[in-house]
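Numbering starts at 1 and runs along the sequence shown.
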Amino acid sequence: MAAFNTAQFETAIEKINRGLWVGPDQLKKIVGRVNELLNSPLIPDPVKKAIKWSAQQLVSLTDQLLEKLVEIVKGSAAPLLMFRAASDWGDHYLKVHGDIKGPLDALASRRDWHGPAAERYENRVSRQPVAVGQIGGIAKKMADILTTSAGAGLVFYVAIAGAVAQFLGEMVACYVAVATGEGAAAGLSAAGVAVGANITLLVTSVGALTTFLTGQVSAVNDVKNKAQDTYAFPGGLWPVGTPSS
């Protein structure tokens, strides 16, 4: 999975957002030119009929594409939030292992402490390092899950941005074809096919991302089970941290 890159992600979102306002503007220009052709006495009725039908198909498909893009953009904040959260979990992991686990392991080893008191201490608080290790493992796993999910989000939105750029190029080519008059029907038809292919790409990409994130949910559930481990956390609580008298 690709590593998350904030600049690359933000560029992809900018391209998608641009498509949401440039696309409708281009479609409006195409429809305006189509209406001119349909009102022209120089174009035979059969040709007008073909132009009108192709234009209607293009408008319908473009509307569908733009609706899907709007829905996709609604979730665009998630990858960046996941990336930031992954960093936080990573910091937790480093803190647990650097500031807490080491001293606890040293105490548990009883290298410089012997006798009945030391034995009572060890028997009573032996699970402290286990609990700390479990917390560290949870933090690292969550960091890994969020990092991977953020990377998947980046790949997804970069792919969508590429589809949007292709869509805008198709609309420009369509307008050029419609402007000539002679190539209007063919240009509209080709654009309709291309936009339909873009819709299929969006649907496929969303499906692939959904499948991937579903797997990540299972991984999160595994983390939840670790947090409920009765050995590391007896009775669902942090193990006793003081020796018995």
Side-chain angles (χ1 to χ4, degrees), residues 2 4-81 150 152-210 213:
F4 189 84
N5 182 293
T6 301
Q8 186 180 13
F9 175 75
E10 291 176 345
T11 297
I13 299 304
E14 288 176 3
K15 290 180 179 180
I16 297 172
N17 284 326
R18 180 174 180 274
L20 287 173
W21 64 267
V22 173
D25 184 61
Q26 291 181 333
L27 182 62
K28 182 178 179 180
K29 292 178 181 179
I30 292 171
V31 171
R33 178 54 181 159
V34 166
N35 288 333
E36 291 177 2
L37 296 175
L38 295 179
N39 291 324
S40 172
L42 301 177
I43 298 179
D45 287 342
V47 176
K48 288 183 179 180
K49 184 176 180 180
I51 291 175
K52 183 178 181 179
W53 184 87
S54 296
Q56 289 174 337
Q57 295 301 306
L58 178 60
V59 169
S60 176
L61 289 168
T62 300
D63 286 344
Q64 293 178 47
L65 178 65
L66 293 172
E67 287 175 3
K68 292 186 182 302
L69 286 177
V70 169
E71 292 300 314
I72 287 172
V73 168
K74 288 180 180 179
S76 61
L80 185 56
L81 293 175
L154 172 64
V155 171
F156 171 76
Y157 280 103
V158 167
I160 299 302
V164 170
Q166 184 179 358
F167 159 66
L168 295 180
E170 291 157 356
M171 297 299 277
V172 170
C174 179
Y175 179 74
V176 171
V178 172
T180 65
E182 295 179 357
L188 289 165
S189 179
V193 171
V195 173
N198 281 335
I199 292 174
T200 300
L201 174 62
L202 295 189
V203 172
T204 301
S205 297
V206 170
L209 181 62
T210 300
L213 293 178

Donor-acceptor contact below 3.5 Å, side chain Lys74 vs main chain Leu69: no

Rounding to 0.5 Å, atoms CG (Leu201) and CZ (Phe167) come to a distance of 13.5 Å

Quick one: closest heavy-atom pair of Gln166 and Asn198, and the distance? OE1-OD1, 3.6 Å

Reported CD-to-CD1 distance for the pair Gln56 and Ile51, which is rounded to 0.5 angstrom: 12.0 Å

Under the side chain to side chain contact (heavy atoms under 4.5 Å, CB included) rule, what do Val34 and Lys52 come out as? Steps first, then yes or no, please. CA-CA 8 Å; Val34 166; Lys52 183 178 181 179; 5.9 Å; no

What are the two closest heavy atoms between Leu61 and Gly192, and how far apart are they? CD1-O, 3.2 Å

So, does Thr200 use its side chain to make a donor-acceptor pair with the main chain of Gly196 at under 3.5 Å? yes

Report the residues that fulfil salt bridge (Lys or Arg N to Asp or Glu O under 4.0 Å) with Asp45, sequence neighbours left out, ordered by chain and then residue number. none

Measuring only between side-chain heavy atoms, which start at C-beta, is Val22 closer than 4.5 Å to Met171? no

Return the set of residues passing ring pair (Phe, Tyr, Trp, His ring centres under 6.0 Å) with Tyr157 (not counting sequence neighbours), or none when no residue passes. Phe9

Considering non-hydrogen atoms only, spot the tightest contact between Ile199 and Gln64 and give its length. CD1-CB, 3.8 Å

So which atom in Gln26 and which in Leu168 form the shortest heavy-atom distance, rounded to 0.1 Å? OE1-O, 3.4 Å

Show me, pair by pair, the donor-acceptor contacts under 3.5 angstrom made by side chains of residues 174-189, not counting sequence neighbours?
{"residue": "Thr180", "atom": "OG1", "partner": "Ala177", "partner atom": "O", "Å": "2.6"}
{"residue": "Thr180", "atom": "OG1", "partner": "Gly183", "partner atom": "N", "Å": "3.3"}

Residues that Glu36 engages under salt bridge (Lys or Arg N to Asp or Glu O under 4.0 Å), provided they are two or more places apart: Arg33

Where is the tightest heavy-atom contact between Pro79 and Ser76, given as atom of each residue plus distance? CD-O, 3.4 Å

Where Lys48 and Ser40 come nearest, the two heavy atoms and their spacing: NZ-O, 2.8 Å

Using the test side-chain contact (heavy atoms from CB on, under 4.5 Å), find all partners of Gln57 that sit at least two apart in sequence or belong to another chain. Trp53

Using 4.0 Å as the upper bound for N to carboxylate O, is an ion pair formed by Glu71 and Lys68? no

Ignoring hydrogens and angles, write down the donor-acceptor pairs under 3.5 Å from the side chains of residues 10-20, residues two or more places apart or on other chains.
{"residue": "Thr11", "atom": "OG1", "partner": "Ala7", "partner atom": "O", "Å": "2.9"}
{"residue": "Asn17", "atom": "ND2", "partner": "Ile13", "partner atom": "O", "Å": "3.3"}

Spacing of Leu202 atom CG and Ile160 atom CD1 [to the nearest 0.5 Å]: 4.5 Å

